[in-house]
There are 2 protein chains.
Amino acid sequence: MATGSIQTTHSNGSDDVDVPDVVVERLPLYVRVLTALAASGIDMVSSEQLGDQLHMTPAQIRKDLSYFGRFGKQGRGYNVAALVNKLKAILGLDRSWNACIVGMGRLGRAIASYPGFAPEGFKIVAAFDTDQSLIGTSVDNLPVRSLSHIRQAVQEDDIAIGIVAVPAVAAQSVIDALVDAGIGAILNYAPVTAHTPDHVKIKNIDPVMSLQSMTYYLKS
Amino acid sequence: MATGSIQTTHSNGSDDVDVPDVVVERLPLYVRVLTALAASGIDMVSSEQLGDQLHMTPAQIRKDLSYFGRFGKQGRGYNVAALVNKLKAILGLDRSWNACIVGMGRLGRAIASYPGFAPEGFKIVAAFDTDQSLIGTSVDNLPVRSLSHIRQAVQEDDIAIGIVAVPAVAAQSVIDALVDAGIGAILNYAPVTAHTPDHVKIKNIDPVMSLQSMTYYLKS
DNA sequence: AGTAGTGTGTGCCTTATATCACAATCGGGA
DNA sequence: TCCCGATTGTGATATAAGGCACACACTACT
């Protein structure tokens, strides 16, 4: 089916040695802690100190970092400012990214108004819906447009990320439309197991599912 | 441990402590798909069909289920209605659970108004904050109370789940208070790596971190 | 300049998770 | 009744992730 060559297409410049996804998913955690340390004036940190903060073993932190280079100094640890910059560059967080929201119902509007994205460099530059009564309205100065304009908007506004906040039944078709429009990553709030081609990353935000797995440990 | 020594851990539903967390986390996924299948009138399903829907291998589904019992019939597959009921019972979803929200700022109010929890049996029965200007107000008929009342409320209202929607700096102390009040599970929306004792489960909802790991794959 | 102390980077081993593959079982039809 | 196609449940195996432990590098102090 959609098998194609997946890994071979990455720019093999310097650090592309097939880094496990789990490792990539931990990097933002490191960025966050290091940023906090920097803000409190600390300029060197050891893997052991980081491990204490994050509740993981020092070895795991060192090994994770070693996928990308040698950032520490023996006997001293890591320079906080230098490491946070390196990690941000690795993650592509040394620039800003444009995103759009699809679905401007209650949830979509809450996401659009959420003040946590902008400070981290994620700018929501467009909003879409299929409901005629919403199209034309604005949320936080963001005009809601028809979903049919999405392809054009993605290209014109250089939108790399799509945020999906539509009902479950509509989610897969919206996701298909985003993929078709040339989006690179999707943050999906709809409670569905959505499918994307290999070149489009997708992550799900699903509080209900999180609750549903925790109750397993509650029944006693 | 040579021949067919029984060793079966199939005590059917009680606390088999040897079920991996990853397996438990997949169960709600199965519940969701099975529920949808039931709603569309399908009454038998094979692990292969489930695997197609969920994009995973049939073997994994069968093995996951085998941790909890033998629910299928050879040559036929699984009875959808029976399996969904079994899984719900295993997860503790055959009853409802009371939750409280701590932090009734913008995010907390959005969570309180989210209509997706109640249909799945999660009832938000209390809301707390430390901000005097919020205490006494109501959100969707839910009065906001002082955080100092939390211990009492947890016991009186049989609250098992705490939802944390406070700023990062306050999160750990709020979580400590919830643990101290006797809560069993925490859904944390604050962008921190929080710590709980082993008997209290915690799961984080962090859209920004999800975005930050996806950008790794976007940088071309 | 030598030495003691500290903490990295990484080869190797352990543990966890996923997949394979096949005997056992079921239901239906001849 | 017996056989056939289908599909489970699970031991065995493969793969992935995590952690240990130590040589090596760096700093500071004498």
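Numbers restart at 1 for each chain; the letters A, B, ... are given by sequence-line order, proteins then strands. For the numbers below, each heavy atom of this structure counts, side chains included, while hydrogens, waters and symmetry mates do not.
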Which residue pairs satisfy the side-chain hydrogen bond (donor to acceptor under 3.5 Å, both in side chains) criterion with at least one member in residues 165-181 of chain B, sequence neighbours excluded?
-> B:Arg151-B:Asp180, B:Gln172-B:Asp176
By side-chain contact (heavy atoms from CB on, under 4.5 Å), which residues pair with A:Tyr114, not counting sequence neighbours?
-> A:Phe117, B:Val208
Between D:dT7 atom P and B:Met44 atom CE, what is the distance in whole Å?
-> 10 Å
Dump the intermediate steps for salt bridge (Lys or Arg N to Asp or Glu O under 4.0 Å) on A:Asp157 and A:Lys123, then the final yes or no.
-> CA-CA 11 Å; A:Asp157 294 338; A:Lys123 294 182 185 161; over 6 Å; no
Nearest heavy-atom approach of A:Val166 to A:Ala190 is O-CB, 3.5 Å
How many Å lie between CG on B:Asn79 and P on C:dC26, as a whole number?
-> 15 Å
Who are the side-chain hydrogen bond (donor to acceptor under 3.5 Å, both in side chains) partners of B:Lys73, not counting sequence neighbours?
-> none
Kindly compute the distance separating CG (B:Asn85) from CG (B:Asp94), expressed to the nearest 0.5 Å.
-> 9.0 Å
Excluding sequence neighbours, so at least two apart, what forms side-chain contact (heavy atoms from CB on, under 4.5 Å) with B:Pro197?
-> B:Val179, B:His199, B:Val200
Polar atom pairs (N or O), protein with nucleotides 13-18 of chain D, under 3.5 Å:
| residue | atom | partner | partner atom | Å |
| --- | --- | --- | --- | --- |
| D:dG18 | OP1 | A:Arg26 | NH1 | 3.3 |
| D:dG18 | OP2 | A:Arg26 | NH1 | 3.4 |
| D:dG18 | OP2 | A:Arg26 | NH2 | 3.0 |
| D:dG18 | OP2 | A:Gln60 | NE2 | 3.1 |
| D:dG18 | O5' | A:Gln60 | NE2 | 3.3 |

Is the shortest side-chain N/O distance from B:Tyr78 to OP1 or OP2 of D:dG9 below 4.0 Å?
-> yes
Distance, rounded to the nearest Å, where B:Phe68 contributes CZ and D:dT8 contributes C1' | 17 Å
Could you list all N or O pairs between the protein and nucleotides 23-30 of chain D that sit under 3.5 Å apart?
| residue | atom | partner | partner atom | Å |
| --- | --- | --- | --- | --- |
| D:dA25 | O4' | A:Gln74 | NE2 | 3.1 |

For atom CG of B:Leu83 and atom P of D:dT7, their distance in whole Å = 16 Å
Can you tell me how far P of C:dT19 sits from CG of B:Leu54, to the nearest Å?
-> 13 Å
Got a salt bridge between A:Lys201 and A:Asp21, using NZ or NE/NH1/NH2 to carboxylate O under 4.0 Å?
-> yes
